[in-house]
Amino acid sequence: MPLTIYNSLSRKKEIFKPLNEGRVLMYVCGPTVYDYPHIGHAKSYISFDVIVRYFRYLNYTVRYVQNITDVGHLLDSGEDRILKGAKREKLEPMELVERYTWAYFDAMDALNVVRPDISPRATGHVPEQVAFVRELIRKGYAYEMNGSVYFDVTRWESYGKLSGRKVEDQQAGARVDVNEEKRNPADFALWKKAEPEHVMQWDSPWGRGYPGWHIECSAMSMKYLGTTFDIHGGGIENQFPHHECEIAQSEALTGKPFANYWMHNNMVLVNGVKMSKSLGNFTTISDALQKYSGEQIRFFILQTHYRSPVDFSDDAMDAASQGLDRLLSNYWNLKSLLQQAPEGEANPRTEELTSLFREKFEEQMNDDFNTPAAIAQVFEYFRRVNKFITSENAVSRSSIQSLIQPLDDYLDRVLGIVPYKKPQDISAGPFIDLLISVRNELRRKKEWQLSDFIRDKLIEQNIELEDGKEETKWRVRQK
RNA sequence: GGCGGCGUAGCCAAGUGGCUAAGGCGGAGGUCUGCAAAACCUCUAUUCAUCGGUUCGAUUCCGAUCGCCGCCUCCA
């Protein structure tokens, strides 16, 4: 199956055809950095991370751009989110932005999310946005009113093509009061006039002001990816109005298609309702990391399709963590078998097993990045591999090596769920080994009481012992 | 009111016009073990919200009903 992507624009799965052979130009809406990132952000950026990783695994050269919104994103009250945060924490706006930009990157690093190739900031691209707005006015798609500039949706007839809505069907003022300056309530702001007390403001042909929210994504994506690029991603809640506005203003400007494929990821829910800042029902990523590893959070997210919502709860996280631990222990076991396996030719059965696995895993990934189905194939593969290994007398090192290869590719490179450090890599390691050898001496002498005592005390420190035939292994319990 | 989506086992979650409806968690049994734990192996939905329709055949397509969610200028 060729790589297929569900395109929100056509509402169908389409075969992916990049603009340039072997290249992917991709833009994903980034966070507004005025507070700590939560599990909702994790789902979005982990999903797109796996998509980027999979493209790279398929040998595409990817340019991945993800913006940082640090101005212009208004609340219902009309207040800028950044300014509100700055007031709350008594900081300079840019101080606030720095704090939460780093918090965001720290969280993403902990979740094994590969950094975007470019993380452009809205405040760093004000001249580009001003030029964009000027050109839209010149072409007659936008108008100035009292120092603000609005996009005239009636001049752009395909407005609504992404979200499938008609301007006249919308309830004007359903949520936000109708702005009397606009010719049509559906018109959206490209540039906003700043009152003197508004801290963040720039010079423009229309006086002092600041850019509207939608314009930054258009200006920055086109700057780094060109007038038309391959993929634009973002949260489904931004499909309308944000992405709709991006398309309108961009295509009005260039007369060319903006993004060829639109991808929308779904939400994280808590007890069935959206996790969001405004509802206050969010768990920050750093809080979640107190309890779970980044890989466990990734695995939890990836066990649901990116276009489906997922309900976040401790029970669901525990179940996912349990599953991942089993998966990884299969993986580490295979790696440790490598140390002791005899030399020899690769068994032809290994080739059968790996090529079947590769075919099935990639078939699922090619089907609109179906990570839950792809992960199911990993479990299937381990089942077959374990059977194969126990059915053979001795499996050669080269056989084990070839069995491991697709796992390195998929678990590590594509899904990113292999911890960088094995849990075993802790500084107490030599002491634990010492305790184990003392205990094994006791066991040899059948001093069960004392040997069990050591085992129980280690468990209290989250060190689990496992008595095998020849040696005793230990592991650090997650959580 | 308009637009979009969802409802699959105790829980989470893929999927399909007919072949055994993936996989994970949990549960049951077994192997291993001094006992454990872990790991491994086996089993765990005659049925896909409800009711109609189309069809030789529907969980899948169409319609209605019920329940839930997202968006309608704040959000990943």
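This structure is a prediction, so every number in the text was calculated from the model and none was measured. We name chains A, B, ... by the order of the sequence lines, and we start the count at 1 in each one. We use all heavy atoms of the structure for the numbers below, so side chains are in, but hydrogens, waters and symmetry mates are not.
Summarising the base pairing, B:A38 is matched to no nucleotide, lacking a Watson-Crick or G-U wobble pair whose two defining distances lie under 3.5 Å. Base-pair partner of B:G57: not found among the strands shown (Watson-Crick or G-U wobble, both distances under 3.5 Å). Pair check for B:G1 finds B:C72; Watson-Crick or G-U wobble, both atom distances under 3.5 Å. Nucleotide B:G10 forms a pair with B:C25, judged by Watson-Crick or G-U wobble geometry with both contacts under 3.5 Å.
Using a 4.0 Å heavy-atom cutoff across all strands shown, A:H38 reaches at least one base atom of the nucleic acid. Nucleic acid contact for A:S313: none, since no nucleic acid atom lies under 4.0 Å from a heavy atom of the residue. Within the nucleic acid shown, A:R384 has no heavy atom closer than 4.0 Å to any nucleic acid atom. Note on A:Y45: only backbone sugar-phosphate atoms sit closer than 4.0 angstrom, heavy atoms only; bases stay farther off. Across all strands, A:K43 comes closer than 4.0 Å to no nucleic acid atom at all (heavy-atom distances). Counting any heavy atom pair closer than 4.0 Å across all strands shown, A:G160 reaches no nucleic acid atom. Using a 4.0 Å heavy-atom distance criterion, A:A319 is classed as a sugar-phosphate-only contact. Using a 4.0 Å heavy-atom cutoff across all strands shown, A:F188 reaches at least one base atom of the nucleic acid. Here A:P31 lies in heavy-atom contact (under 4.0 Å) with sugar-phosphate atoms only. Nucleic acid contact for A:V268: base, since at least one base atom lies under 4.0 Å from a heavy atom of the residue.
Side chain to side chain, A:D70 and A:Y100 fail the donor-acceptor criterion of an N or O pair below 3.5 Å.
Contact check, A:K387 against B:U42: a side-chain N or O comes under 4.0 Å of OP1 or OP2. Residue A:R383 places at least one side-chain N or O closer than 4.0 Å to OP1 or OP2 of B:G23. For B:C71, the OP1/OP2 oxygens have no side-chain nitrogen or oxygen of A:N238 closer than 4.0 Å. The phosphate of B:C40 has OP1 or OP2 within less than 4.0 Å of a side-chain N or O from A:N330.
Between A:Y27 and A:Y64, a ring centre-to-centre spacing not shorter than 6.0 Å is recorded.
Between A:R383 and A:E380 there is a salt bridge, with a side-chain nitrogen of the basic residue lying less than 4.0 Å from a carboxylate oxygen of the acidic one. Looking at A:E441 and A:R444, a side-chain N of the basic residue comes within less than 4.0 Å of a carboxylate O on the acidic one, giving a salt bridge.
To the nearest 0.5 Å, atom CD1 of residue A:I404 and atom CG of residue A:L337 are 8.0 Å apart.
Nearest-nucleotide positions on RNA chain B for A:G323 and A:A373 put A:A373 closer to the 5' end.
When distances run from any side-chain atom of A:R455 to the nucleotides B:A76, B:A22, B:A36, the shortest one goes to B:A36. Among B:G34, B:U73, B:A14, the nucleotide with an atom closest to any side-chain atom of A:N370 is B:A14.
The C1' atoms of B:G53 and B:C11 are separated by 34 Å, rounded to the nearest whole Å.
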Nucleotide N/O to protein N/O under 3.5 Å, stretch nucleotides 4-10 of chain B:
none

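When the P atom of B:A37 is taken as reference, atom CG of A:L465 falls 14 Å away, rounded to whole Å.
Put simply, the side chain of A:R326 and the base of B:C25 share no donor and acceptor less than 3.5 Å apart.
Stacking of A:R307 on the aromatic ring of A:Y6 is recorded, both the 6.0 Å distance cut-off and the 45° axial limit being met. Cation-pi geometry between A:R358 and A:Y410 is met: under 6.0 angstrom from the ring centre, within 45 degrees of the axis.
Across all their heavy atoms, A:Y36 and A:K277 have their closest contact at O-CE, 3.5 Å.
Judged by ring centres under 5.5 Å apart and planes tilted less than 30 degrees, A:W448 stacks against the six-membered base ring of B:G34.
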